[in-house]
Every structure is written in structure tokens, then in C-alpha cells.
Asks: 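Can you read through this structure? Questions will come right after.
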Amino acid sequence: MSRGAAQRLLVFLPPQGSLHEGGTLGSLSAATVVAYAGIDAASQRQRSAGDAPLTLVPQAVSVDLLFDVSDLFTALLDVPQMTEGRLRQALPGLIEEQLLTDAADCHLAHRLEGPGGNLMRVAVAAIDRDTLTHALQAAREAQLLLRSAYSSLYSIPAPSAGTLSIRLSRGRGTVRTAEHSGFAFDLDGKAPVALSIAVQQLKIRRIHAFGRDARKLVPFVAPLGVKLLYTKRDFDAASITGALNMLQGPFALAGSLGMPTMAAMMGSRRLKPLLAWAAASLAVFVLGLNAVRFKLESETRAVRSSMQMAFRSAFPSEAAVDPVVQAQRHLRELR
């Protein structure tokens, strides 16, 4: 596995339902095997992709966590005009009927998409709070410098001009049916019903295939009567720019200027050598200050001793309490 550092690394997390520990449903950990792919600083050329435990993924300046579509709910809502504070309070009730779990157990993120007449359009995402917490904890244990976390559906383009995008990797397929919606499926020998419905409703003529297992879509696509277009890319770098970041509110990892927090930077494997050199330099600086202090104290003691000796030689019958003050007094008396 290549350990070359990428500018940005995308880590595709497995679905929560596929994690098992001792025959029971488990949670993500630093030892969980994940899929990854990196891109360069210009977000154009993609670096090598592969699979590895979370602790062994290649180094990168920043890391994005991509959750499976089944673990992260996304939608685009048209809601009445309201303030930001009232919107945050209203969101749980607006999406509760669409969630498979209680909205009170979920962490919500949102983004205003612009006005829609008398309404305003809001992109909203929800994820189980424990799922997100375990993922972030695993990323910290793996010493990854997180940039954002969002749904894997944003790794492929939204449908347009009769073209639907599908990403297939590690036997798991991701389909994006709209700007903020999609679904996932497992390869089980036949095309999923949801894919057939999406092709019919969206009047799809072409399917743009992403991912390492893109060619395995041939048996799924042939019965649908659409053309399959292959790509050597594991994801679409332009599509992730519109992702709805889940790291908001209590889970925010960045400051107001979008810079990583100091705690996140301290956990970065890339910055650890620099921090070690900084600590060594600070130790040398402290030792140098102590050496200068000891030297100055020694010189001070020598000056005081010479002053006392000079006073005793000039006034042998008087005890030296404060030689400077006493010498000045005698000098005034002599004058």
C-alpha cells in the first residue's frame, strides 16, 4: 500500500449494519477496514485508491469521512421563511416522519440552498448521534486530521441530461437520484428494484459508472435498456464540493475561518514530527535561559563579595551591613 501523502483523502466508511463484533452489531473503530481514495491540491488528479484499516490509510493534509447512504439521511426541504434559530428548532419535526429512528437521537445539519418563492429551500442531513460519535472517535484514534464528514452520495454527480451516476466498490453500490437524495444497494445477482424505478422515473438513457467494481454493473444494467459509460475514477472530485458537511454545532471541528482546531492539528500524524522538533527546541531554549541565569547570579555574587572586601579594607573597624550605603555616608563625612 502506498504511503505517499495526498492533499485530501476520502475515506468511505462501511455501512453500520455490516459491522459485527462477536455475532452482534458493532461500531466503527480504528481497526475497521475502510475504502479510501485521494486527490491532489488542485482537486483534479486522483491518487491511488485501496482498502486498509483506518489506522493505516495513507497520510493526507486533510481527511473527509463519507458515510454510507443507509446511515446518513439527506433531503431538500421547502419550508416557510423563518430565522436561523427557529429553523434549527423546527428541523426535527420537519423530517421526523422520514427518519427510521427517533429524531431526538440524531444529529442534524443543514444548509440554506436559496429562496423558493414564499418558501426557503434547506438541505438537511441526519445521522444517529452514536454512529457519528464512534466515527469521530475512531478517526481521532487513527490520528487523522478531519476536514468534513458527509454522505457518500456526494461522491458522484447528480443526474442530468438523462444520465444517472452509480458508484460500485467492495460489492456496495451508491446511486444519486437528486441533488440531496439517493440510495445504496448490495450486489445480489439482480438489479435492485429502486434502480429500475429511478431509471424509469428520471427517464435515464445512460449510466455513468464510478468505482473499482464499475464493470460488475453490466448484468444489472443490461435488462434496463440503458447505455453504460465507464470511468477510471473512483469518485467525482467536482461533486464533493457541494456536500452537506455534518460537522456542525457540537460536532464542529473547524473555526470560523474554516481552519482546523488546535486539538485536531495536534492529533495529525503529519504534524507530529514538527511538534517533536518544536518540543526539543523549547527544551534547549529553557536550558539556555537557565544557564544565563546561573551565570548572572554568579557574577552578582562576585561583585557583592568584592564590594564587601573593599569596604572592609577602607573601614576595618565597622561591620559591613550595606557596603554601598555605608561607603556613601563616610564619603559625605569626609567631604
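Excluded from the calculations below are hydrogen atoms, water molecules and symmetry mates; all remaining heavy atoms, backbone and side chain alike, are included.
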Asks: Let me check something: do V33 and L56 share a hydrophobic cluster, defined by ILVMFWY side-chain heavy atoms less than 4.5 Å apart, either directly or through other members?
Replies: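 No.
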Asks: For the backbone of W277 and the side chain of S281, can you confirm whether one donor and one acceptor N or O come within less than 3.5 Å of each other?
Replies: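 Between the backbone of W277 and the side chain of S281 there is a qualifying donor-acceptor contact (under 3.5 Å).
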Asks: Could you walk me through whether V69 and F185 pass side-chain contact (heavy atoms from CB on, under 4.5 Å), step by step?
Replies: CA-CA 9 Å; V69 177; F185 64 90; over 6 Å; no
Asks: CG/L65 to CG/L28 distance, rounded to the nearest 0.5 angstrom?
Replies: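 Spacing of CG (L65) from CG (L28) equals 8.0 Å.
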Asks: Could you give me the CA-CA distance, side-chain angles and deciding distance for L187 and L168, then say whether side-chain contact (heavy atoms from CB on, under 4.5 Å) is met?
Replies: CA-CA 9 Å; L187 293 176; L168 189 61; 4.0 Å; yes
Asks: Hey, does the side chain of R121 reach the backbone of D78 with a donor-acceptor pair shorter than 3.5 angstrom?
Replies: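 It does not hold such a pair.
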Asks: If you group Ile, Leu, Val, Met, Phe, Trp and Tyr by side-chain heavy-atom gaps below 4.5 Å, do L76 and V79 land in one group?
Replies: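 Different hydrophobic clusters.
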Asks: Indicate the atoms forming the closest heavy-atom contact of T177 with A198, along with that distance.
Replies: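 For T177 versus A198, the nearest heavy atoms are CG2-CB, 4.1 Å.
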Asks: Checking T300 side chain against L296 main chain: does a donor-acceptor pair fall under 3.5 Å?
Replies: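 Such a contact is found between T300 side chain and L296 backbone.
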Asks: Is it the case that the side chains of T174 and R167 hold a donor-acceptor pair, with the cut-off being a distance below 3.5 Å and no angle test?
Replies: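 Not at all, the side chains of R167 and T174 share no donor-acceptor pair under 3.5 Å.
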Asks: Below 4.5 Å, heavy atoms only, C-beta onward: do L195 and F183 meet side chain to side chain?
Replies: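 Yes - at least one pair of side-chain heavy atoms lies under 4.5 Å apart.
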Asks: Find out whether R212 and D234 are in side-chain contact, i.e. whether some heavy atom of one side chain is under 4.5 Å from a heavy atom of the other.
Replies: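 Yes; the side chains approach each other to less than 4.5 Å.
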Asks: Does any donor atom in the side chain of S148 or D64 lie under 3.5 Å from an acceptor atom in the other side chain?
Replies: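 Yes, side-chain donor-acceptor contact under 3.5 Å.
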Asks: Assigning hydrophobic clusters by single linkage (Ile, Leu, Val, Met, Phe, Trp, Tyr; side-chain heavy-atom cutoff under 4.5 Å), is I207 placed with I197?
Replies: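 Unlinked, I207 and I197 end up in two clusters.
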Asks: So which heavy atom on F210 is nearest to which on I156, and how close?
Replies: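 For F210 versus I156, the nearest heavy atoms are CD1-CG2, 3.7 Å.
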Asks: With a 3.5 Å cut-off and sequence neighbours excluded, list the donor-acceptor pairs that the side chains of residues 286-293 form with protein atoms.
Replies:
from : atom 1 : to   : atom 2 : distance (Å)
N290 : ND2    : V286 : O      : 3.4
R293 : NH1    : E297 : OE2    : 3.1

Asks: So Y154 and Y150, would you call those rings parallel, tilted or perpendicular, with 30° and 60° as cut-offs?
Replies: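 Answer is perpendicular, since the angle exceeds 60°.
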Asks: To the nearest 0.5 Å, what is the distance between CG on L229 and NE2 on H208?
Replies: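 These two atoms lie 6.0 Å from each other.
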Asks: Identify the two heavy atoms, one from L9 and one from A60, that lie closest to each other, and give their separation to 0.1 Å.
Replies: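 Scanning both residues completely, I find the closest heavy atoms to be CB-CB, 3.5 Å.
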Asks: Roughly how far, to the nearest 0.5 Å, is CG of L91 from NE2 of H110?
Replies: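 So the gap between those two atoms works out to 6.0 Å.
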Asks: Go through the steps to decide whether R129 and F251 satisfy the test side-chain contact (heavy atoms from CB on, under 4.5 Å), and finish with yes or no.
Replies: CA-CA 10 Å; R129 194 173 287 104; F251 290 94; 3.8 Å; yes
Asks: Answer yes or no: is there a side-chain heavy-atom contact under 4.5 Å between D128 and D71?
Replies: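 Of all side-chain heavy-atom pairs linking D71 with D128, none is under 4.5 Å.
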Asks: Rounded to the nearest 0.5 Å, how far does CG of L13 lie from OG1 of T32?
Replies: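 It comes to 8.5 Å.
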Asks: Heavy atoms, side chains only, cut-off 4.5 Å: are P14 and R172 in contact?
Replies: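 No, every pair of side-chain atoms sits at 4.5 Å or beyond.
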Asks: CZ of F73 to CG of L108: how many Å apart, nearest 0.5 Å?
Replies: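 Reported value, rounded in 0.5 Å steps: 10.0 Å.
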Asks: Applying the side-chain contact (heavy atoms from CB on, under 4.5 Å) test to I127, which of T101, T133, L132 qualifies?
Replies: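 Considering T101, T133, L132, a side-chain contact (heavy atoms from CB on, under 4.5 Å) with I127 is found only for L132.
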Asks: Would you say the side chain of L224 lies within less than 4.5 Å of the side chain of S196, judging by non-hydrogen atoms?
Replies: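 Counting from C-beta outward, S196 and L224 do come under 4.5 Å.
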Asks: Looking at every non-hydrogen atom in both residues, tell me the closest pair between M120 and P80 and how far apart they are.
Replies: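 Minimum heavy-atom contact is CE-O, 3.7 Å.
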Asks: Atom CG of L153 and atom CD1 of I240: how far apart are they, to the nearest 0.5 Å?
Replies: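 Between atom CG of L153 and atom CD1 of I240 there are 12.5 Å.
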Asks: Between V61 and R8, does a side-chain contact (heavy atoms from CB on, under 4.5 Å) hold up when you go through it step by step?
Replies: CA-CA 6 Å; V61 176; R8 187 175 178 184; over 6 Å; no
Asks: Which heavy-atom pair separates L87 from V122 by the least distance, and what is that distance?
Replies: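 Result for this residue pair: CD2-CG2, 4.0 Å.
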Asks: Within a reach of under 6.0 Å around CE of M309, are more than 12 heavy atoms found that belong to other residues, nucleotides or ligands?
Replies: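 No.
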Asks: Is D236 salt-bridged to R176, cutoff N-O under 4.0 Å?
Replies: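 Answer for the salt bridge query: no.
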Asks: Report yes or no: does T74 contribute a side-chain atom to a donor-acceptor pair with the main-chain N or O of H180 at less than 3.5 Å?
Replies: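 Yes: the side chain of T74 pairs with the backbone of H180.
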Asks: For K295, is there any backbone N or O sitting under 3.5 Å from a side-chain donor or acceptor partner on S298?
Replies: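 No; zero donor-acceptor contacts below 3.5 Å.
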Asks: Check S152 against D68 and note the closest heavy-atom contact, atom names and distance.
Replies: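 For S152 and D68, the tightest heavy-atom pair comes out as OG-CA, 3.9 Å.
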